[in-house]
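Notes for the one structure printed next.
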Amino acid sequence: MRTGTGLAVAAALLVAPMAAFGQPAATIEARQANFKAIARAFKTLNDELKGARPSVATLRRAAAELAQASQRIPNGFPPGTGPEAGVKTEALAAIWTNRAGFAEAANRHIAAVKALEAATQSGDLERIRAATQAVGPTCKACHDSFRLKT
Ligand code: ASC
């Protein structure tokens, strides 16, 4: 049963970081903190690019943080952590009723962020600027369909 156990452990490792089954509040809090980290890293990139001499090291660091956090998005919405959980959340039920659409929107965002991370590795500021500008619409696209308008 080594393989079975290995698979179970692998599955638990995939899901455990954000999807604490039976604890919707903890899962919701963790994913909200993750989105705050995303917004913070994205702001750092935009602020840095507005400066007279943007630091490529700062841009690289922020892009890496953004990439790490963005890749956690798909695991942050296990069943039972929607509006029905009775916890304050802006997550719309559409995330769970249109799983494929949500996954697609999340994956578009992740792809844009990975392209940005690659751009920061090049050190080419105009390329980094363009890649940063390409990320914003992928945030908005997901919010338009899957986040409560407040
Ligand atoms: C941000 C932020 C978002 C996105 C979104 C892009 O800085 O916090 O949620 O950009 O506004 O349209």
Side-chain angles (χ1 to χ4, degrees), residues 11-150:
L13 285 174
L14 269 177
V15 171
M18 295 189 58
F21 285 104
Q23 295 177 49
T27 301
I28 292 167
E29 228 172 83
R31 79 183 174 221
Q32 289 171 345
N34 195 53
F35 283 118
K36 288 207 171 79
I38 287 171
R40 202 162 46 236
F42 194 47
K43 184 176 190 311
T44 298
L45 281 149
N46 281 301
D47 288 352
E48 194 64 28
L49 286 167
K50 279 183 204 136
R53 291 192 53 225
S55 156
V56 172
T58 298
L59 293 167
R60 278 186 187 152
R61 198 157 49 234
E65 285 168 12
L66 179 57
Q68 279 216 342
S70 291
Q71 287 171 79
R72 292 193 193 110
I73 292 172
N75 280 333
F77 299 84
T81 65
E84 79 283 4
V87 178
K88 191 160 175 275
T89 173
E90 291 167 8
L92 293 180
I95 292 168
W96 293 270
T97 58
N98 181 13
R99 207 72 225 184
F102 180 68
E104 190 185 331
N107 286 334
R108 275 184 209 272
H109 172 66
I110 292 165
V113 168
K114 282 186 177 163
L116 168 58
E117 195 179 17
T120 63
Q121 289 307 315
S122 79
D124 176 342
L125 282 176
E126 285 323 303
R127 192 180 149 194
I128 297 170
R129 204 180 296 282
T132 301
Q133 284 167 1
V135 169
T138 69
C139 302
K140 186 178 185 302
C142 203
H143 294 170
D144 285 348
S145 299
F146 300 106
R147 183 188 186 189
L148 189 70
K149 285 154 195 75
T150 54

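Just so you know, residue 1 is the first one in the sequence shown, and it goes up from there. Indexing begins at 1, ligand by ligand and atom by atom, following the structure's order.
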Could you check T27 against F77 for side-chain contact (heavy atoms from CB on, under 4.5 Å), going step by step and ending with a plain yes or no?
CA-CA 8 Å; T27 301; F77 299 84; over 6 Å; no
Counting heavy atoms under 4.0 Å, the part of H143 that contacts ligand 1 is side chain
Presence of salt bridge, E65 and R61, under 4.0 angstrom:
no
Which atoms of ligand 1 sit under 4.0 Å from any heavy atom of F42?
1 (C), 7 (O), 10 (O)
With a 4.5 Å heavy-atom cut-off, do V113 and I38 have their side chains touching?
no
Does a salt bridge link R129 with E126, judged by any charged N lying under 4.0 Å from a carboxylate O?
yes
Which atoms of ligand 1 have any heavy atom of A39 under 4.0 Å away?
8 (O)
Under 3.5 Å donor-acceptor, R60 side chain and Q121 backbone:
yes
Any non-hydrogen protein atom below 4.0 Å of atom 7 (O) of ligand 1?
yes
Can you pull out the closest protein heavy atom to atom 5 (C) of ligand 1? Residue, atom name and distance to 0.1 Å, please.
C139 CB, 3.8 Å
